[in-house]
Amino acid sequence: MRFRTLRAPVCAPLTFFVATALSATAYAQTAPAPLTEQDAIARALGDGVFADRAAGERDAARAGVDAITRFDNPRASVSRGSLSGPGEDETEWEFEIVQPLDLTGRRSAMRAAARSEAEAIDADLDWRAVERRADVRRAWVGCAAAGARVDVHRGFVGLLAEAERIVTARADAGDTAVYDVRRVRVEARTAEGEARLAEGELAAVCATLSQLTGVADARSAGALTVPNGVRQASVERADLTARERRLAAASETARAADRSRWPEVEVGLGWRRVENMGFEADGPQIMVGATIPLFDRGTARVREARGRERSAAAELTLARREVEAEIAAADARLRGAIAAVEAAGAARDDAGRLGAIAETAYQSGEIGVTELVDAYRAAHDAELSIIELTERANLAAIELELAQGGPNP
């Protein structure tokens, strides 16, 4: 039996990639319905539970603003008193409404603080959506890379199975040693084990994609490509916006605490009626009062509010520095990963050519089966290396996009 069947067809660049393509086609026929990256993002952001949680937090924040009205609630009271004695019988009725007046602007500052906090919550929810989008993209990239690894492993298994069949036939015919059969068989069984591990990893990684999108047995549609992430000149991040609004809320809270040290004026309107020995008299009455900050002057509350304001300002400054560092790190990783993919591409081409060269040399008796298997393994490892580097490049692009604020979800 001739060994020519191990050689690549003329129309194909190399045997390994032909076997990989055939294995990928067979795998795709049994795989679940895949998701594109954009479809996965749309499903994750459109999840009803995710949207309900955001809507609930927004409603609660807006209700907190509406709860602080321009004026405090008025106080109403009705009283009745009587006085009885020798020659005197007097009854007195009194009705009064007292309204505190926010002349110092304390409640206005509290309402402004609540409004700023509500805006911060809106920004938090926007950032949460950006992070969820990044989570989906990471899951999609991981699932796509795991699927590509399965295709490579299965292609390698198919290639070794064909080699084992032919080498076994040659050994039976006495054209080669039994050692060659066992050497190929060991490599084939090892490759089968690696393929089984890759399939398990595929199911595990894609489970995260299923959880985020709500699609059972979700898989990534399409192959990974080398990204071309660009560092933006300006950065707008929703989490920084949230910190800015919380700083504004802290400033308004400090202003409200400062205004609480001023007396609060109260104005009362009422009606008084007096009955005495059959005579009746009634008429309106007006009351003006004020709370006097005698014992609680609010000094401690002001210090507390000012301290929180300084802390919020410092946190915002530190967060901006961290964002700058995140962008620089993500940009460096992305550039390095893209350069690594480009460098590994040439190595993969060389490794791919080794298969055809080794088959010819083995057929002519110039090399043994060990060198032939090593050539196949080199092409296999080179392809896996490209997948890993491309995955890392995509993950670095996701981190750069996230560090720069991400797209508007």
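Nothing here was measured: the structure is a model prediction, and the numbers come from that model. For this chain, numbers begin at 1 and follow the sequence in order.
In terms of heavy-atom proximity, E399 sits nearest to A330 at C-CB, 3.9 Å. Summarising the geometry of A195 relative to V157, their closest heavy-atom pair is CB-CG2, 4.0 Å, with the distance given to 0.1 Å. Minimum interatomic distance between A238 and D126 (heavy atoms only, all atoms of both residues): CB-CB, 4.0 Å. When all heavy atoms are compared, the tightest approach of V205 to G142 is CG1-C, 3.3 Å. Across S210 and A218, no two heavy atoms sit closer than the pair OG-N, 2.9 Å. Taking each heavy atom of V150 and A198 in turn, the nearest pair found is CG2-O, 3.4 Å.
Salt bridge annotation for R320-E324: absent, with no cationic side-chain nitrogen under 4.0 angstrom from a carboxylate oxygen. The existence of a salt bridge linking E187 and R377 is confirmed by a sub-4.0 Å separation between a basic side-chain nitrogen and an acidic carboxylate oxygen. By the 4.0 Å N-to-carboxylate-O rule, R137 lies close enough to E401 to be salt-bridged with it. A salt bridge is absent between R183 and E164; no separation between the charged side-chain nitrogens and carboxylate oxygens falls under 4.0 Å. E326 and R237 are joined by a salt bridge, as a carboxylate oxygen and a charged side-chain nitrogen come within less than 4.0 angstrom of each other. The pair R243-D124 does not meet the salt-bridge criterion, since no charged nitrogen lies less than 4.0 angstrom from a carboxylate oxygen. Salt bridge annotation for D102-R70: present, with a cationic side-chain nitrogen under 4.0 angstrom from a carboxylate oxygen. Ionic pairing of D39 and R43 is present here: one or more N-O contacts between side-chain nitrogen and carboxylate oxygen are shorter than 4.0 angstrom. At a threshold of 4.0 Å, the pair E199-R154 counts as salt-bridged, since one of the basic side-chain nitrogens sits closer than that to a carboxylate oxygen. Using a cut-off of 4.0 Å between Lys/Arg side-chain N and Asp/Glu carboxylate O, E309 and R306 are scored as salt-bridged. Ion pairing between a basic and an acidic side chain is recognised when a charged N comes within 4.0 Å of a carboxylate O; E92 and R273 show no such pairing. Ion pairing between R301 and E304 fails under the 4.0 Å rule for side-chain N and carboxylate O.
Every residue meeting the side-chain contact (heavy atoms from CB on, under 4.5 Å) condition with E264, not counting sequence neighbours, appears here in chain and number order: P100, R106, T291. Under the salt bridge (Lys or Arg N to Asp or Glu O under 4.0 Å) criterion, R107 pairs with no residue, sequence neighbours left out.
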Given the rule in the side-chain contact (heavy atoms from CB on, under 4.5 Å) test, do R75 and E266 qualify, once you have shown the distances and angles that lead to the verdict?
CA-CA 10 Å; R75 183 178 72 254; E266 296 179 340; 4.2 Å; yes

For salt bridge (charged side-chain N to carboxylate O under 4.0 Å, His left out), just list the numbers for R189 and E192, CA-CA rounded to whole Å, side-chain angles, deciding distance to a tenth of an Å, and then say yes or no.
CA-CA 5 Å; R189 301 305 177 269; E192 179 65 28; over 6 Å; no

For R245 and E117: C-alpha separation, side-chain torsions, deciding distance, then whether salt bridge (charged side-chain N to carboxylate O under 4.0 Å, His left out) applies.
CA-CA 6 Å; R245 301 317 303 156; E117 180 61 27; over 6 Å; no

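Put simply, the side chain of D47 never gets that close to the backbone of G214: no donor and acceptor are under 3.5 Å apart. A distance-only check finds no donor-acceptor pair linking the side chain of S385 to the backbone of A382 [under 3.5 Å]. At distances below 3.5 Å, not a single donor-acceptor pair connects side-chain atoms of S311 with backbone N or O atoms of G307. With Q99 contributing its side chain and D72 its backbone, the two residues share a donor-acceptor pair below 3.5 Å. With hydrogens and angles ignored, the 3.5 Å screen pairs a side-chain donor or acceptor of W140 with a backbone N or O of L35. When atom types are taken as modelled, the side chain of R259 and the backbone of T104 share a donor-acceptor pair closer than 3.5 angstrom.
With a 6.0 Å radius and a threshold of 12 heavy atoms from other residues, nucleotides or ligands, R58 has its CZ atom above the threshold. Taking a 6.0 Å sphere around CZ of R138, one finds it holds more than 12 heavy atoms contributed by other residues, nucleotides or ligands. Within 6.0 Å of CZ in R132 there are more than 12 heavy atoms belonging to other residues, nucleotides or ligands. Atom CZ of R261 sits in a crowded spot, with more than 12 heavy atoms from other residues, nucleotides or ligands closer than 6.0 Å.
To the nearest 0.5 Å, the span separating CG on L389 from CG on L384 amounts to 11.0 Å. With rounding to the nearest 0.5 angstrom, the CZ atom of R321 is 11.0 Å from the CG atom of L316. The CG atom of L45 sits 6.0 Å away from atom CZ of F50, with the distance rounded to the nearest 0.5 Å.
Between the side chains of Q285 and E94, at least one donor-acceptor pair of N or O atoms lies under 3.5 Å.
The disulfide bond (SG atoms under 2.5 Å apart) contacts involving residues 149-228 comprise C143-C206, where partners must be two or more places apart or lie in separate chains. Applying the disulfide bond (SG atoms under 2.5 Å apart) test to every pair with at least one member in residues 283-385, sequence neighbours left out, gives no pairs at all. Legend: side chain to side chain donor-acceptor pair (under 3.5 Å) pairs involving residues 48-57, not counting sequence neighbours, sorted by first then second residue: E57-R128. Applying the disulfide bond (SG atoms under 2.5 Å apart) test to pairs two or more places apart or on separate chains, none has a residue in residues 318-401.
By the 4.5 Å heavy-atom criterion applied to side chains, V267 and V98 are not counted as neighbours.
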